[in-house]
Chemist: 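The following block contains the structure, expressed as structure tokens.
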Amino acid sequence: MLISYNWLKWYIPDAPEVDKLMDIFNYHLCEVESLEKKSDGDAVFDLKILPNRAHDLLSHQGVARELASLLDIKFVDPTPKYKIPQSKPTNLKIEIQTPKCRRHVGRIVRNIKVGSSPDWVVKHLESVGQRSINNIVDATNIVTFDCGQPAHAFDMDKVKGLKLIIRQAQNGERITPLGSTEKVLDETMMIIADGEGNPLDVAGIKGGKNAELTELTTNIILESDNFDPVSIRKTAQALNIVTDAKKRFENDLSPELGPYGMLELSALIVEMCPGAIFEDIVDVYPNKQEERKLSFSAEKISKILGLKVSDKEIEDILKRYNFKYKESDGKFEIIVPPMRLDLAVEEDMAEEIGRILGYDKVLPTIPKIKFKPKQNETYTKILWARNKLLNDGYSEVMTYTFCDKGEIEVQKSASDKKFLRTNLTDGLKESIKLNKINLPLLGLKEVKIFEIGTVWNPKEEMHVAFNEGEKVKEKNLYEFRK
Amino acid sequence: MTERKYLPLKDIIKMKEGKLGTIHPLSLLAEEAYGVFAELGFEIALGPELESEWYNFDILNMPKDHPARDMQDTFWIKDNKTKVLRTHTTGVTASATEQAARAGRIPSAFISVGKVFRNEATDATHEMQFFQIDGSMLGTTEDGVSLANMKGVLTNFYRKMLGDDIEIEFRPSFFPFTEPSIEVFAKFKGKWLEMMGGGMTNPAVIRNMGLDPKKVQGFCFGGGLDRIAMIKWGIPDVRLFYQGDLRLNQF
């Protein structure tokens, strides 16, 4: 995930300098895969957001909030700046017909003008590797990268019946996603259709040609919705479409973010089209995300980390992260924020507290436990075989497990050798040839080599093979060392 | 013939004189690693290279349709939907721990070095087959096996493998089978290098092994053995290990 330093600073003006921030990311949050310092003074971090934080950190606001709490610095909330004109009653209808759509927030905006974007929008988008398309599309993209909520805009006049229906596709139904060729859908895939059944959008993945914006568009329908992650992942895989929306939905985004996404999107449209007329928001949210509580104790956290963590240290962290909590006698109960889907069990809090404090605080300690290890029979045999052959003057080699014929075949391979070897002999023969050429270099008179390795006939077996001149002898390990 | 835990100096001299054969560097390293962990009470575990889907994925909290399965380029087997070429040896230590627990042998610690497979294009640092070293330690809550213990065990390991001046560092990470999850870095010749992943064994994994996470806790870790060999001996290309070329056996 590309994160622009200048963009972050909108929300955390007191952010540390770029190089210091790089260490903070690496030691307390996630790996910085690269850092590009730009000529215009900006710096762009490529963060390897971990899968358990992809719910809340695939956005500038998400990362800024995390840093504000981690470093105990100010977070500038943008919402007071978002002033949307008084909205008018709406005739927009939204119908969710599939449980895989968890929320749909929509709104009609009339009297907009499709044109170019303000400078800051173009710069923000460029900083994260996106190009500006037009003001409305840019606004939806800014929302995605700013707060993590994917958003989309339809040309309202192309949506028949002023109605959006979110449903499973019919087998054989067709759609042409923007920037793509026509795709044939099946009933495992989810679409958004209009009141007459025309597919407008591969839900959560990509808008379609049918309701694409043009320069002539004056009325639009904005959407900020939420979908089941597994459905999104499978559909995108099947259709081979990767989009920024897909990446966020497949990581399980909280449906609680929907209205905020709509607010921010609306505010951007106001900025770009001051004459825009806003209609009421239509929010369909069949099953509200349940509030979750999580209990943990300072004692258990300390025991997991092997580091004494005090109640006070924990309270300090909970306050900085704006967790609502109750504490009594070292036992904590928090209300998990809706976006923090990663926090489910006590061990998750151990990780949270460990990484915030810094794992450098965890000091290396050898455990004082009396184990009663047993000997591993197979390994003992391997050692015996290896020692014997080394002592007899044989040198050990390893060759490839994959070959071009055999009894067990892998489904797909990056190489043309798709079978698991049935013997060590073939590989060893190649090795003899190779080493013969190098005999003078090796200071040896003859090639004497062996390999101990796994073969499949088709049962998996451990074999030992060694050569006598050009001939190779191969035995099962258990026969070699009876 | 005597059993040896690792290679005595006199044998190394004999090898150089050509009276003894020479050992493959990864075998040498594996024997050394086993020796280091054995001193701390770890037991060697081995398992099949063609692994069941359960031990490669499910037991490790990577159910079907879990995005974590995409993080690894897995070799699936034709006409057999239940087996994969193992992508790590974590399943080996998990299976060994499960069996130990059934025999009432907790606390226990396992170490496994074995060949693993990834279906990816090869280059100087990527190979379709390579060796991984995996360890796990599980004790009762009274034993209190902790992340600090993992740091102790791994600091000991890297010092014995790469030299007494090695520092190691834990950084935040994510694996489905550990919570907390960390990435292990070692400072070698002034540079921090990513060596391993690991963390405290996830309660979901402990339950999958048929145990109660309220009663036991522990850690597990794993990383490339080839990588340690490349760093230790300055071997520039991972593919050299599997060419059957004796010029490699010089350590």
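Note that the coordinates shown come from a computational prediction; the quantities given were computed from them, not determined experimentally. The chains referred to below are lettered A, B, ... by the order of the sequence lines, with proteins before strands, and numbering in each begins at 1.
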Chemist: Nearest 0.5 Å please: distance from the CG atom of B:N149 over to the OG1 atom of A:T365.
Modeler: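 Those atoms lie 6.0 Å apart.
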Chemist: Can you find a pair of side-chain heavy atoms, one from A:K300 and one from B:Q217, that are under 4.5 Å apart?
Modeler: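 Of all side-chain heavy-atom pairs linking B:Q217 with A:K300, at least one is under 4.5 Å.
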Chemist: Tell me which of these, A:V345, A:L307, A:L29, has more heavy-atom pairs under 4.5 Å with chain B than the rest.
Modeler: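 The option with the most such pairs is A:L29.
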Chemist: Among A:S302, A:G306, A:P229, which residue forms the greatest number of heavy-atom pairs with chain B at distances under 4.5 Å?
Modeler: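 Heavy-atom pairs under 4.5 Å are most numerous for A:G306.
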Chemist: Does any non-hydrogen side-chain atom of A:K412 lie less than 4.5 Å from one of B:N119?
Modeler: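 Yes, their side chains come closer than 4.5 Å.
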Chemist: At a heavy-atom separation under 4.5 Å, does B:L85 approach chain A through its side chain, its backbone, both, or neither?
Modeler: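 Only the side chain of B:L85 comes within 4.5 Å of chain A.
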Chemist: Quick one: closest heavy-atom pair of B:G244 and A:S431, and the distance?
Modeler: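 The pair with the smallest heavy-atom distance is O-OG, 2.7 Å.
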Chemist: Please flag which part of B:T155 lies under 4.5 Å from any non-hydrogen atom of chain A: side chain, backbone, both or neither.
Modeler: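 Looking at B:T155, just its side chain touches chain A.
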Chemist: Nearest 0.5 Å please: distance from the CD atom of A:E396 over to the CG atom of B:L28.
Modeler: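 Answer rounded to 0.5 Å: 9.5 Å.
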Chemist: Side chain, backbone, both or neither: which part of A:L442 has an atom under 4.5 Å from a heavy atom of chain B?
Modeler: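 Answer is side chain: those atoms of A:L442 sit under 4.5 Å from chain B.
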Chemist: Side chains of A:Y359 and B:E183: is there a donor and an acceptor less than 3.5 Å apart?
Modeler: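 Side-chain D/A pair, A:Y359 to B:E183: absent.
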Chemist: Which atoms of B:E120 are under 4.5 Å from chain A, going by heavy atoms: the side chain, the backbone, both sets, or neither?
Modeler: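 Contact with chain A involves the backbone of B:E120 alone.
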Chemist: So which of B:E194, B:E127, B:M150 has the largest heavy-atom pair count under 4.5 angstrom toward chain A?
Modeler: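 Heavy-atom pair counts peak at B:E127.
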Chemist: Going through the distances and angles, do B:I77 and A:Q411 end up as a side chain to side chain contact (heavy atoms under 4.5 Å, CB included)?
Modeler: CA-CA 5 Å; B:I77 303 301; A:Q411 265 184 22; over 6 Å; no
Chemist: Identify the residues of residues 451-459 of chain A whose heavy atoms come closer than 4.5 Å to a heavy atom of chain B, ordered by number, or report 'none'.
Modeler: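 Within residues 451-459 of chain A, near chain B: A:T454, A:W456.
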Chemist: Side chain, backbone, both or neither: which part of A:L305 has a non-hydrogen atom closer than 4.5 Å to chain B?
Modeler: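 Both the backbone and the side chain of A:L305 come within 4.5 Å of chain B.
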Chemist: Does a donor on one side chain sit under 3.5 Å from an acceptor on the other, for A:K303 and B:S146?
Modeler: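 No - no donor-acceptor pair under 3.5 Å links their side chains.
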Chemist: If every non-hydrogen atom of B:R105 is compared with every non-hydrogen atom of A:K372, which pair is closest and at what distance?
Modeler: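 Of all heavy-atom pairs spanning B:R105 and A:K372, the closest is NH2-O, 3.2 Å.
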Chemist: Does A:L441 reach the side chain of B:R247, with side-chain heavy atoms less than 4.5 Å apart?
Modeler: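 Heavy-atom side-chain distance check passes, below 4.5 Å.
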Chemist: Can you tell me which portion of B:S181 sits under 4.5 Å from chain A's heavy atoms? Options are side chain, backbone, both or neither.
Modeler: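 Both parts, heavy atoms under 4.5 Å.
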Chemist: Please classify the contact between B:P107 and chain A as side chain, backbone, both or neither, with a heavy-atom cut-off of under 4.5 Å.
Modeler: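 It is both, since atoms from each part get that close.
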Chemist: In terms of heavy-atom pairs under 4.5 Å with chain A, which of B:V153, B:D79, B:L40, B:L246 leads?
Modeler: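 Looking at each option in turn, the highest pair count goes to B:L246.
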Chemist: With a 3.5 Å distance limit and no angle check, can you tell me whether B:K151 reaches the backbone of A:V362 through a side-chain donor-acceptor pair?
Modeler: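 Judged by distance alone, yes, a pair lies under 3.5 Å.
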Chemist: Which bit of B:E142 comes within less than 4.5 Å of chain A, counting heavy atoms only: side chain, backbone, both or neither?
Modeler: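 When you check distances to chain A, only backbone atoms of B:E142 fall under 4.5 Å.
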Chemist: Given the side-chain rings of A:Y27 and B:F170, with only the six-membered ring counted for Trp, is the space between their centroids under 6.0 Å?
Modeler: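 Not under 6.0 Å, so no.
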Chemist: Check whether more than 12 heavy atoms from other residues, nucleotides or ligands sit under 6.0 Å from atom CG of B:D123, and answer yes or no.
Modeler: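 Yes, because the 6.0 Å sphere around CG of B:D123 holds more than 12 heavy atoms from other groups.
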Chemist: Taking every non-hydrogen pair under 4.5 Å, which of A:S395, A:C30, A:A350, A:S413 racks up the most with chain B?
Modeler: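 Greatest number of close heavy-atom pairs with chain B: A:S395.
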Chemist: Heavy-atom distance under 4.5 Å to chain A: side chain of B:I182, backbone, both or neither?
Modeler: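 Side chain of B:I182 only, per the 4.5 Å heavy-atom cut-off to chain A.
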Chemist: Side chain, backbone, both or neither: which part of B:F37 has an atom under 4.5 Å from a heavy atom of chain A?
Modeler: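 Neither part.
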Chemist: Hey, what do you get for CG (B:L20) to CG (A:D392), rounding to the nearest 0.5 Å?
Modeler: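 The CG atom of B:L20 sits 9.5 Å away from the CG atom of A:D392.
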Chemist: Shortest non-hydrogen contact from B:S173 to A:E351?
Modeler: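 Scanning both residues completely, I find the closest heavy atoms to be O-OE1, 3.8 Å.
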Chemist: Heavy-atom count around A:E407 CD within 6.0 Å, excluding the residue itself: above 12?
Modeler: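 Count over threshold, so yes.
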Chemist: Between A:I382 and chain B, with a heavy-atom cut-off of 4.5 Å, which part of the residue counts as in contact: side chain, backbone, both or neither?
Modeler: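 Just the side chain, heavy atoms under 4.5 Å.
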Chemist: Which region of A:E31, side chain (C-beta onward) or backbone (N, CA, C, O), has a non-hydrogen atom less than 4.5 Å from a non-hydrogen atom of chain B, or is it both or neither?
Modeler: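 It is the side chain, since no backbone atom gets that close.
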Chemist: For A:E409, is it the side chain, the backbone, both or neither that has a heavy atom under 4.5 Å from a heavy atom of chain B?
Modeler: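 For A:E409, heavy atoms of backbone and side chain both lie under 4.5 Å from chain B.
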Chemist: Is the shortest side-chain N to carboxylate O distance from A:R386 to B:E31 below 4.0 Å?
Modeler: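 Here A:R386 pairs with B:E31 in a salt bridge, since their nearest N and O are under 4.0 Å apart.
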Chemist: With only heavy atoms counted, which part of A:V230 is less than 4.5 Å from chain B, the side chain, the backbone, both or neither?
Modeler: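 Only the side chain of A:V230 comes within 4.5 Å of chain B.
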Chemist: Fit a plane to each ring of A:F402 and B:F117, take the angle between them on a 0 to 90° scale, and name the class: parallel (under 30°), tilted (30 to 60°) or perpendicular (over 60°).
Modeler: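 It falls in the perpendicular class, over 60°.
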Chemist: Heavy-atom distance under 4.5 Å to chain A: side chain of B:A45, backbone, both or neither?
Modeler: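 Interface part for B:A45: backbone (N, CA, C, O).
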Chemist: B:E169 vs A:D360, test: side chain to side chain contact (heavy atoms under 4.5 Å, CB included). Steps then yes/no.
Modeler: CA-CA 7 Å; B:E169 211 171 62; A:D360 57 323; over 6 Å; no
Chemist: Within the structure provided, determine whether B:R171 and A:F25 are in side-chain contact (heavy-atom separation under 4.5 Å).
Modeler: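 The answer is no; the side chains never approach within 4.5 Å.
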Chemist: What are the two closest non-hydrogen atoms of B:L26 and A:M398, and how far apart are they?
Modeler: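 That would be CB-CE, 4.0 Å.
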Chemist: Nearest 0.5 Å, what's the OG-NZ distance between B:S108 and A:K374?
Modeler: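 So the gap between those two atoms works out to 11.0 Å.
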Chemist: Can you tell me which portion of B:K115 sits under 4.5 Å from chain A's heavy atoms? Options are side chain, backbone, both or neither.
Modeler: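 Side chain only.
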Chemist: If you measure from CZ on B:F174 to CD1 on A:I49, what distance do you get to the nearest 0.5 Å?
Modeler: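 Answer rounded to 0.5 Å: 13.5 Å.
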Chemist: Check whether A:D348 gets within reach of chain B through its side chain, its backbone, both or neither, counting any heavy atom under 4.5 Å.
Modeler: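 Interface part for A:D348: both.
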Chemist: Could you label the plane-to-plane angle of the A:Y379 and B:Y34 rings as parallel, tilted or perpendicular, counting under 30° as parallel and over 60° as perpendicular?
Modeler: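 Because their plane-to-plane angle is over 60°, the rings of A:Y379 and B:Y34 count as perpendicular.
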Chemist: Check whether B:D245 gets within reach of chain A through its side chain, its backbone, both or neither, counting any heavy atom under 4.5 Å.
Modeler: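 It is both, since atoms from each part get that close.
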Chemist: What part of A:N435 is in contact with chain B, defined as an atom under 4.5 angstrom from a non-hydrogen atom: side chain, backbone, both or neither?
Modeler: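 Contact with chain B involves the side chain of A:N435 alone.
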Chemist: Check whether more than 12 heavy atoms from other residues, nucleotides or ligands sit under 6.0 Å from atom NZ of A:K234, and answer yes or no.
Modeler: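 Atom NZ in A:K234 is not crowded, with 12 or fewer foreign heavy atoms closer than 6.0 Å.
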Chemist: Which atom pair, heavy atoms only, marks the closest approach of A:N26 to B:P172?
Modeler: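 Distance-wise, the nearest heavy atoms are O-CD, 3.5 Å.
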Chemist: Against chain A, work out which of B:A121, B:A109, B:G144 has the most heavy-atom pairs shorter than 4.5 Å and name it.
Modeler: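 It is B:A109.
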Chemist: Ignoring hydrogens, what is the shortest heavy-atom contact between B:Q243 and A:L434? Give both atom names and the distance.
Modeler: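 Result for this residue pair: O-CD2, 3.5 Å.
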Chemist: Side chain, backbone, both or neither: which part of A:I432 has a non-hydrogen atom closer than 4.5 Å to chain B?
Modeler: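 Neither the backbone nor the side chain of A:I432 comes within 4.5 Å of chain B.
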Chemist: State the CG-CE distance between B:L46 and A:M462, to the nearest 0.5 angstrom.
Modeler: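 Going from the CG atom of B:L46 to the CE atom of A:M462 covers 6.5 Å.
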Chemist: Please classify the contact of B:P25 with chain A as side chain, backbone, both or neither, using a heavy-atom distance under 4.5 Å.
Modeler: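 Neither part.
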Chemist: What residue, out of A:V397, A:I369, A:T399, A:I304, has the most heavy-atom pairs lying under 4.5 Å from chain B?
Modeler: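 Between A:V397, A:I369, A:T399, A:I304, the count favours A:I304.
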